[in-house]
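Notes follow once the structure below has been shown.
Keep in mind the model is a prediction, meaning the values are calculated, not measured.
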Amino acid sequence: MDRPSLISLLGVSASPTTAELRHARRFVARRLHPDAAGDRSAPRMADVNAACDRWIAEIRAGTSTPLSNSEPSRPHATQPTHRPSPIDFQMSYAVGTILVAFLTTVLIVMIGGPSVTTVAVGALFGAIAGAAYATVIYLIARR
């Protein structure tokens, strides 16, 4: 794969860093990977990987030069320019949310007595408390 077509496919500048190349390759791999796009995309994905590996090796060796007479390409319309990193799922968050919901339900049932109405109200307030807890944890983890 020649450099101009690789630049336009990845949506990087003519002289990117290795981190930019790796990031752009991961983004393109989500679309071109044979598991996502079918077996017909396997040769193209292999070609993109080989071209990126050569370019990264050139950058690390200091032999890569930007293309002459070319402007930095713009990102593809489908590629966001900034993507926040996903919050890693942690089992402790899920367990904490369930525990808050359960304890709120138990507390309301203990106060109101064991009837169908208090169990239902306890479950409702437990769900609200669990959702509030999950929202607060999400906002804290996102910072």
ask   = How long is the gap from CD1 on Ile137 to OH on Tyr133, to the nearest 0.5 Å?
value = 4.0 Å
ask   = So which heavy atom on Trp55 is nearest to which on Ser13, and how close?
value = CH2-O, 4.1 Å
message = Has Thr118 got a side-chain atom pairing as donor or acceptor with Gly113's backbone, closer than 3.5 angstrom?
response = yes
remark   = Looking only at heavy atoms, the pair that brings Ala129 and Thr104 closest together is CB-OG1, 3.6 Å
key: Closest contact, heavy atoms only, Ala24 versus Leu10   = CB-O, 3.6 Å
task = Could you grab the distance from atom OG1 of Thr18 to atom CD of Glu58, nearest 0.5 Å is fine?
result = 13.0 Å
request  = Following the transitive rule for hydrophobic clusters with a side-chain heavy-atom cut-off under 4.5 Å over Ile, Leu, Val, Met, Phe, Trp and Tyr, establish whether Ile59 and Val28 coincide in one cluster.
outcome  = yes
Rounded distance (nearest 0.5 Å) linking atom OG1 of Thr117 with atom CD1 of Ile108 = 13.0 Å
ask   = Given a cutoff of under 4.5 Å between side-chain heavy atoms of I, L, V, M, F, W and Y, with clusters grown through shared members, what are the other residues clustered with Leu103?
value = Leu99, Phe102, Val106, Met110
query = Heavy-atom distance under 4.5 Å between the side chains of Leu21 and Thr17, does that happen here?
reply = no
message = As an exercise, state the distance from CD1 of Ile56 to CZ of Arg22, rounded to the nearest 0.5 Å.
response = 6.0 Å
inquiry  = How close do Val12 and Glu20 get, counting heavy atoms only, and between which atoms?
reply    = CG1-O, 4.2 Å
